[in-house]
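When reading the values below, keep in mind they use all heavy atoms of this one structure, side chains included, and skip hydrogens, waters and symmetry mates. Within every chain, numbering begins at 1; the chains are lettered A, B, ... in the order of the sequence lines, protein sequences first and strands thereafter.
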Amino acid sequence: MIQITALREQTEEYIARLSKRGIPAEQMVHDILDLDRTVRECKQETENLQAESNRLAKEIGVLFREGKRDEADVLKARTSELKDALKDKEQELRTAEEALEQAMLNLPNAPHAGVPNGRSAEDNEVVYTWGTAAQFDFEAQPHWELAKRFNLIDFELGVKITGAGFPVYTGKGARLQRALINFFLDEARTEGFIEIQPPILVNEDSGYGTGQLPDKEGQMYHATADNLYLIPTAEVPITNIYRDVILDADALPIKNAGYTPCFRREAGSYGKDVRGLNRLHQFDKVEIVQIAHPDLSYAVLEEMQQYVQSLLQKLGLHYRVLKLCAGDMGFTSALTYDMEVYSAAQERWLEVSSVSNFESFQANRLKLRYRDENGKPRLAHTLNGSALALPRIVAALLENNQKADEIVMPEVLVPYLGFDRITL
RNA sequence: GGAGAGGUGGCAGAGUGGUCGAAUGCGGCGGUCUUGAAAACCGUUGAGGGUUAAACCUCCGGGGGUUCGAAUCCCUCCCUCUCCGCCA
């Protein structure tokens with residue numbers, strides 16, 4: 001949620017920024033400010049009534065102690081009128097507050113000035129490209145063929161045990177998963193991230209904190225018996241560590257990294273690009289999260305973005321960096337970089353990481369604050385990114401490094417793998 | 001799964017109907033003392049809203065109720081801990 005005070009004080013600026021998303025920002029913001037005024041008026045009147053009623057109650061208390069029952073009874077009569085008025089006002093206030101809350105929840109984050117204009121993925125800006133596409137003197141196979149031929153991943157077995165989108169990794173396929181996870185975690189630690197191993201089921205409060213609830217409810221698996229949700233990303237439990245927390249300024253930036261399996265129902269996205277590892281219900285990911293001082297969050301974003309690139313370079317993967325346009329950016333983000341690796345056999349780019357600065361949008365809901373120079377609590381900025389999501393990395397590694405009858409592993413992974421190639 | 005205890009300020013922990021936003025201790029901050037530090041002593045120290053500043057309002061797990069008045073009484077939900085059973 002955007003801070004209401006910011007919206008009040010920098011109305012025109014926010015309208016301009018929000019308009020980039022192609023939404024009726026002017027209307028939405030003015031509606032919100034109208035509701036805000038109503039709420040504030042109502043609150044003022046309610047508080048006046050409460051103050052009056054508190055005053056009378058105290059007076060009655062004094063009269064009782066002095067034994068002046070009759071005088072007390074007179075005052076009591078007056079309080080009953082007050083109570084009725086108060087009840088009405090409170091109801092009115094609650095209605096207005098709910099409307100405001102709803103309107104605020106529907107307002108996406110304001111794109112940063114550097115975000116390109118545009119409506120769809122076509123308008124994303126390619127800011128950097130690294131490496132070249134692998135060339136083959138034979139017919140390159142897509143990863144699902146390779147996975148089968150080299151006995152690395154069994155998709156049918158996953159269907160038997162659970163359902164589509166839950167692959168079973170076997171032998172060197174399983175070892176490759178484990179190697180990548182360890183490699184990513186070690187790299188993150190070297191970069192100064194503290195490793196976290198969080199729960200992968202979260203409660204409702206956490207879902208609200210990072211914004212999966214209420215609107216994206218259908219995207220998470222829900223364990224109804226206990227009202228817990230399987231996490232769609234480690235961002236949820238890790239960021240919620242800092243929900244309702246006031247940090248010391250010198251604790252910033254906080255850098256956390258964690259590996260977790262991720263679960264996504266992907267409701268409504270069947271039939272499109274779902275072959276093999278391209279889109280799964282369960283997958284592995286190492287996520288990096290930072291809590292930063294507002295003045296430094298964009299420097300932190302660049303640092304994180306560069307860090308993710310360094311991983312892709314070490315793995316030797318041909319990739320490109322996109323700055324997402326306003327229309328393609330997630331609801332909660334102010335600026336997002338996507339990293340895409342080239343899949344040589346599918347001949348398309350696959351998203352493997354998304355690095356975002358949410359500014360105070362998440363922090364506002366989380367009540368994640370730090371103390372400024374004057375000791376006053378202020379909202380911090382949150383950032384996160386995948387570093388990295390495994391399935392599409394695996395897809396690209398298998399496809400790009402395939403030879404006629406073997407698959408060569410990148411050198412950095414060999415110590416983790418215990419082998420340097422996958423053979424028939 | 002069975003039985004019990006409990007949720008109060010950064011932490012510990014008092015408080016069972018009125019002047020309690022809340023004793024006390026620890027921690028934090030400021031000061032006195034000291035060459036410096038420790039100790040000791042003095043002061044100060046929750047969050048949100050509101051105001052130029054104040055007044056004022058809200059918050060003692062969540063929600064509802066009783067009452068002129070609720071941290072305190074009632075209902076309900078949630079959570080935590082302890083013991084027993086089962087179990088990785």
| With a non-hydrogen cut-off below 4.0 angstrom, is A/Arg369 in contact with a base, only sugar-phosphate, or nothing? | sugar-phosphate

Give each protein N/O atom lying under 3.5 Å from an N/O atom of nucleotides 59-65 of chain B, with the pair distance.
none

| message | For a quick check of understanding: with a heavy-atom distance under 4.0 Å over all strands, which category does A/Leu75 fall into, base, sugar-phosphate or nothing? | response | nothing

| field | Whole-Å gap separating P (B/G48) and CZ (A/Arg378) | value | 13 Å

| task | Check the distance between B/G48's C1' and A/Leu93's CG and give it to me in whole angstrom. | result | 14 Å

| message | Using a strict heavy-atom distance below 4.0 Å, which residues from residues 234-252 of chain A are in contact with RNA chain B? | response | none

| request: Let me know, please, whether A/Asp226 or A/Val62 comes out on the 5' side of the other along RNA chain B by nearest nucleotide. | output: A/Val62

| query | Could you state the NZ-P distance from A/Lys376 to B/G46, rounded to the nearest angstrom? | reply | 10 Å

| So which pairs with a foot in residues 144-173 of chain A pass side chain to side chain donor-acceptor pair (under 3.5 Å), sequence neighbours left out? | A/Gln141-A/Arg149

| query | Whole Å only: how far is the CG atom of A/Asn227 from the C1' atom of B/C77? | reply | 12 Å

| query | So, are A/Glu52 and A/Arg78 salt-bridged, with charged N and O less than 4.0 Å apart? | reply | yes

Please produce a list of atom pairs where a protein N or O lies less than 3.5 Å from an N or O of nucleotides 49-56 of chain B.
from	atom 1	to	atom 2	distance (Å)
B/G49	N2	A/Glu47	OE1	3.3
B/G50	OP1	A/Arg8	NH2	3.4
B/G50	OP1	A/Arg40	NH1	2.9

| said: For A/Tyr229, give me all partners under ring-ring contact (aromatic ring centres under 6.0 Å, His included), at least two apart in sequence or on another chain. | reply: A/His222

| Separation of B/G69 C1' from A/Leu82 CG (nearest whole Å) | 13 Å

| said: Under the rule for side-chain contact (heavy atoms from CB on, under 4.5 Å), what residues qualify as partners of A/Arg119, not counting sequence neighbours? | reply: A/Asp123

